[in-house]
Amino acid sequence: MAVLLPVLALTAACGGGKSKDDGSAASGKLTGSVITAKDVDHLKVVPATSDSQLLGAEQTTDPAACQPVADQWSLKPKLARTAYTGALVTDTASADAGAKTISLEVVASYPAGRAEQVLDQLSAAVAHCSGYKVTRSGRTSTFAVKSVSPSAAVGGTFGDQQVTYTVSDPALGSSGVALVTVIRVGDSTAAFETVRADHGTASLRSVIAGKQADKLRAAAGGK
């Protein structure tokens, strides 16, 4: 399933950088708006080298009400992005090595008003979708979705909108649980899929979410 692609690709090597380029200035702005190790202490940020490290193939969910959850990590979502880029973000702030978190981050831009639609639909899906199935190559996988408290998981709410939840693959046990945090600032979004090194309950350090929101705001001219 696409939403857990990052969880499963978190150990994959990344290097260099690449963004989806539609020929506009959007891609360049996005690349410059992704957080870096210079922005936050105890952070390592490695840009992705290919689209497949960021997003997965299009998938159809059963029930259909859960589609926005899968679309968040799909190359072909119902509400298309204008441009996107991303990176692997490792947070080593904790003295406990097991509490190290690894996030796949995707920063995307949308046509005017569409990012708000994306967050509205995602919020509704998380509120009403407790789980769903997808079928790939004749194999059906089941995923569970659970809304979580932003204050507990991210230390608060950032940007103009935020949706925070977990997606899990029961077949993988604790290693198949990912915290997803999607933040909207104007017509851009930043989505983090986060796991802990020891597969414990993951959280996203608030300074990471806050700084990323600030950079998106600055890229939009402070709007």
Side-chain angles (χ1 to χ4, degrees), residues 1-3 5-6 18-35 47-48 50-61 63-87 89 103-129 132 134 145 147 150 154 157-165 167 178-194 204 208-223:
M1 170 30 217
V3 116
L5 166 77
K18 179 179 178 181
S19 62
K20 187 72 174 181
D21 191 351
D22 61 354
S24 71
S27 295
K29 286 185 178 181
L30 284 179
T31 300
S33 67
V34 176
I35 54 173
S50 70
D51 296 345
S52 63
Q53 289 179 331
L54 298 174
L55 302 169
E58 179 182 11
Q59 295 182 42
T60 301
T61 66
C66 298
Q67 191 63 46
V69 176
D71 277 356
Q72 191 56 226
W73 301 95
S74 171
L75 282 165
K76 294 183 178 181
K78 180 178 178 181
L79 298 174
R81 308 168 184 88
T82 300
Y84 64 89
T85 189
V89 179
S103 301
L104 192 78
E105 181 187 16
V106 175
V107 173
S109 63
Y110 295 84
R114 188 175 295 175
E116 185 173 1
Q117 287 182 279
V118 170
L119 268 288
D120 286 346
Q121 291 185 13
L122 180 61
S123 180
V126 170
H128 298 98
C129 170
Y132 60 93
V134 293
V145 181
S147 177
V154 193
T157 302
F158 302 89
D160 299 320
Q161 282 179 284
Q162 179 178 313
V163 183
T164 310
Y165 57 100
V167 176
L179 170 70
V180 180
T181 307
V182 185
I183 298 167
R184 179 183 71 83
V185 176
D187 292 316
S188 297
T189 62
F192 295 86
E193 187 167 76
T194 307
L204 181 67
I208 298 174
K211 184 62 179 180
Q212 182 58 80
D214 289 345
K215 295 194 75 168
L216 289 178
R217 186 83 65 193
K223 297 179 182 180

**Request:** Starting from the C-alpha separation in whole Å, work towards a yes-or-no answer on side-chain contact (heavy atoms from CB on, under 4.5 Å) for Tyr84 and Leu55.
**Result:** CA-CA 10 Å; Tyr84 64 89; Leu55 302 169; 3.7 Å; yes
**Message:** Please determine whether side-chain contact (heavy atoms from CB on, under 4.5 Å) holds for the pair Thr189 and Gln161, giving the CA-CA distance in whole Å, both sets of side-chain angles, and the decisive distance to 0.1 Å.
**Reply:** CA-CA 9 Å; Thr189 62; Gln161 282 179 284; over 6 Å; no
**Request:** Please lay out, stage by stage, how Gln59 and Tyr132 fare under the test side-chain contact (heavy atoms from CB on, under 4.5 Å).
**Result:** CA-CA 11 Å; Gln59 295 182 42; Tyr132 60 93; over 6 Å; no
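A pairwise comparison of heavy atoms in Val182 and Ala191 identifies CG2-CB, 4.0 Å as the closest pair. Scanning all heavy atoms of the two residues, the minimum distance from Lys78 to Asp71 falls at N-OD2, 3.0 Å. Taking all atoms of both residues into account, the shortest heavy-atom contact from Trp73 to Arg81 is N-NH2, 4.3 Å. Taking both residues in full, the closest heavy atoms of Ala115 and Ser188 are given as CB-N, 4.2 Å, listed atom of the first, atom of the second, then distance. Here the shortest heavy-atom pairing between Ala209 and Ile183 reads CB-CD1, 3.8 Å. A pairwise comparison of heavy atoms in Ala213 and Phe158 identifies CB-CB, 4.2 Å as the closest pair.
For the pair Cys66/Val145, no side-chain contact is recorded, criterion being any heavy-atom separation below 4.5 Å from C-beta on. In this structure, the side chains of Leu204 and Ser103 come closer than 4.5 Å at one or more pairs of heavy atoms. Lys215 is not listed as a side-chain neighbour of Val185, based on a closest heavy-atom distance of 4.5 Å or more.
Partners of Lys211 by salt bridge (charged side-chain N to carboxylate O under 4.0 Å, His left out), not counting sequence neighbours: none found. With sequence neighbours excluded, the residues that form a side chain to side chain donor-acceptor pair (under 3.5 Å) with Thr164 are Gln162. Partners of Arg184 according to the salt bridge (charged side-chain N to carboxylate O under 4.0 Å, His left out) rule, which considers only residues two or more places apart in sequence or in another chain, are Asp160.
Atoms CG and OH, on Leu119 and Tyr110 in that order, are 8.0 Å from each other to the nearest 0.5 Å. Distance OG1/Thr194 to CD1/Ile208: 7.5 Å, rounded to 0.5 Å. Considering CG of Asp120 and CZ of Arg114, their distance stands at 14.0 Å, rounded to 0.5 Å.
A distance-only check finds a donor-acceptor pair linking the side chain of Gln212 to the backbone of Ile35 [under 3.5 Å]. A donor-acceptor distance shorter than 3.5 angstrom exists from the side chain of Gln67 to the backbone of Thr61, with no hydrogens or angles considered. For the pair Gln121 (side chain) and Val69 (backbone), a donor-acceptor distance under 3.5 Å is absent.
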